[in-house]
Amino acid sequence: MTDRVRESGSIRRRLLVQLLSGAGILALILFLVVQDFTKQLAEENQDNILRASVTSVLDAAAVQNGQITIDIPYSAFSMLGNVSDDRVFYKITQNSKFLTGYDSLPEAKLAKPLAQLQVSTANYLGEEVRLVTSTRLLSNAGVPVLISVTIAQTRNGQKQTLAFISRRVSMLGFGFFTIAAILTVYSAQSTVRPLRRLAASVSRRGPQDLRPVAAPVPREMVPLVDALNKFMGRLKKSLSQSEEFIAEAAHRVRTPLATLRTQAELTLHRVERDETREALREMIRAIDESSRAAGQLLDHAMVTFRTDYLEVQKLDLREMVCGLVENMRPVADLKDIFVELESGSAINIMGDPILIQNAVRNLIDNAIKYSPVESMVKLSFTYASDIIGLIIQDEGIGFPKEDRANLTNRFVRGSNVGGRIGSGLGLTIADDVVRAHGGSLSIENNAKGNGACVTLYFPSC
Ligand SMILES: Nc1ncnc2c1ncn2[C@@H]1O[C@H](COP(=O)(O)OP(=O)(O)O)[C@@H](O)[C@H]1O
Ligand SMILES: [Mg+2]
């Protein structure tokens with residue numbers, strides 16, 4: 001009878017997505033920042049060495065005997081060699097005229113002549129090179145001479161180092177992300193754990209267990225559990241009120257009606273006038289009708305109430321039906337109807353005995369009511385792998401084909417009722433009861449001969 005709860009996403013998944021994307025973004029930022037930083041560091045390192053190298057070459061330039069001499073110091077290139085196996089090019093010019101080195105080597109653009117040192121990146125002989133240019137003004141016998149030195153170095157070593165560092169940093173980022181993911185999964189699990197525990201403890205309870213939740217819960221869940229406890233308190237109160245009301249109403253309606261009927265019958269025996277006797281008979285019939293209708297209304301209320309809170313136990317369906325048949329035999333005898341119950345061993349099902357008795361009683365009552373005198377009502381069982389059916393067959397008027405689909409609705413009576421009294425609740429009760437037990441009700445007419453064939457299907461245990 002419970003409606004499916006509408007779902008709007010999952011807290012756990014939401015947490016996982018948010019925390020994991022946060023960790024992913026952080027890992028990516030970490031990777032990019034470290035990579036950028038190391039790249040800058042490597043470039044700076046190369047630039048510094050190139051600068052030192054250029055400066056040492058320039059320092060070696062001198063004027064000797066009216067000649068410009070540059071004795072390139074060994075250290076100028078050896079320090080570059082230390083960095084990696086990269087190729088080194090150089091070019092020296094005197095007053096913009098090529099002196100030595102690689103003539104085609106471009107120079108780093110100097111912002112202005114005699115500017116300090118200039119660093120730039122260029123493409124030389126198909127490779128990217130970092131180059132540093134610097135100048136020095138010498139005086140040769142009073143004539144100014146501008147010496148320009150350019151030293152370039154390829155950047156392969158730097159790229160290799162960067163690729164190596166990138167690999168290391170991506171491993172670091174991946175490791176960071178993995179640890180964050182493990183922590184995320186753990187924290188998402190532990191966030192929803194109290195909710196799961198609460199749900200499990202509430203759903204483990206029996207239908208009658210409406211005690212407040214006593215186990216401690218995290219602060220954020222206190223309002224929910226508080227509301228749940230209050231709701232269960234109200235439910236408990238209203239359930240006990242309904243139960244009391246049903247019992248009280250049944251008692252108050254049935255008792256005076258029974259007294260009235262007894263009085264009417266006693267009076268019927270005392271009076272002699274035919275009109276009075278006829279009037280009393282009418283009265284008894286009306287009392288029967290109201291008593292029956294009241295009984296069924298209350299039964300229906302009870303069934304509706306109880307189907308939500310089934311008190312399920314293991315029971316022997318055959319034994320229960322046998323007891324009912326014995327109880328109802330006097331009613332059947334009034335119409336000379338023979339009620340026959342197929343004999344056999346115990347048939348166990350899980351069910352609420354009060355509800356099942358009510359359902360079967362209504363069906364036997366129908367079978368007797370809609371059958372002619374001196375006929376037979378037959379009760380038998382059918383078994384399938386996981387289903388047990390109780391079949392109630394009579395030799396009466398059978399169900400009208402056209403309204404069979406609606407007969408389980410409340411207060412609906414068939415077109416075949418004639419003068420028979422009833423309130424249209426018997427099949428409703430039977431249907432509600434089997435459904436509450438996870439079974440079904442089948443309303444058919446006998447394949448052979450006359451009469452109805454109603455089957456109650458229950459899951460077997
Ligand atoms: N055994 C039966 N044979 C023929 N018709 C039946 C039988 N049982 C029920 N019905 C039809 O189904 C209708 C609904 O049954 P029920 O809910 O028990 O109401 P009620 O018996 O009070 O009329 C009845 O009015 C009748 O038309
Ligand atoms: Mg009925």
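Start at 1 and go down the list; that is how both ligands and their atoms are numbered. Counting from 1, the numbers follow the sequence of the chain as shown. Every heavy atom of this structure was used, including side-chain atoms; hydrogens, water molecules and symmetry mates were not.
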Short side-chain donor-acceptor distance under 3.5 Å, Asp352 and Gln313: no

Flag for Gln296-Ser423: side-chain donor and acceptor within less than 3.5 Å: yes

Test item: [X] side-chain N/O and [Y] main-chain N/O as donor-acceptor pair under 3.5 Å:
X: Thr38; Y: Gln35; value: yes
X: Arg420; Y: Lys369; value: yes
X: Asp316; Y: Ile347; value: yes

Can I get a per-line list of side-chain donor-acceptor pairs under 3.5 Å for residues 124-131, giving both atom names and the distance, sequence neighbours left out?
from   : atom 1 : to     : atom 2 : distance (Å)
Tyr124 : OH     : Ser104 : OG     : 2.8
Glu127 : OE1    : Asn156 : ND2    : 2.9
Glu127 : OE2    : Arg87  : NH1    : 3.2
Glu128 : OE2    : Arg155 : NH1    : 2.9
Arg130 : NE     : Asp47  : OD1    : 2.7
Arg130 : NE     : Asp47  : OD2    : 3.4
Arg130 : NH1    : Thr121 : OG1    : 2.6
Arg130 : NH2    : Asp47  : OD2    : 2.7

Pocket residues of ligand 1, ordered first by chain and then by residue number (heavy-atom cut-off under 4.0 Å): Asn366, Ala367, Lys369, Tyr370, Asp394, Gly398, Phe399, Leu407, Val412, Arg413, Gly414, Asn416, Val417, Gly422, Ser423, Gly424, Leu425, Gly426, Leu427, Ala452

Min side-chain heavy-atom separation Asp226-Lys230 under 4.5 Å: yes

Pairs meeting criterion side chain to side chain donor-acceptor pair (under 3.5 Å) with involvement of residues 434-451, two or more places apart: Gln393-Asn446, Asp431-Arg435

Lys/Arg-Asp/Glu bridge criterion (N-O < 4.0 Å) met for Arg281, Glu278: yes

Count of N, O or S atoms belonging to protein, less than 2.8 Å from the Mg ion (ligand 2): 1

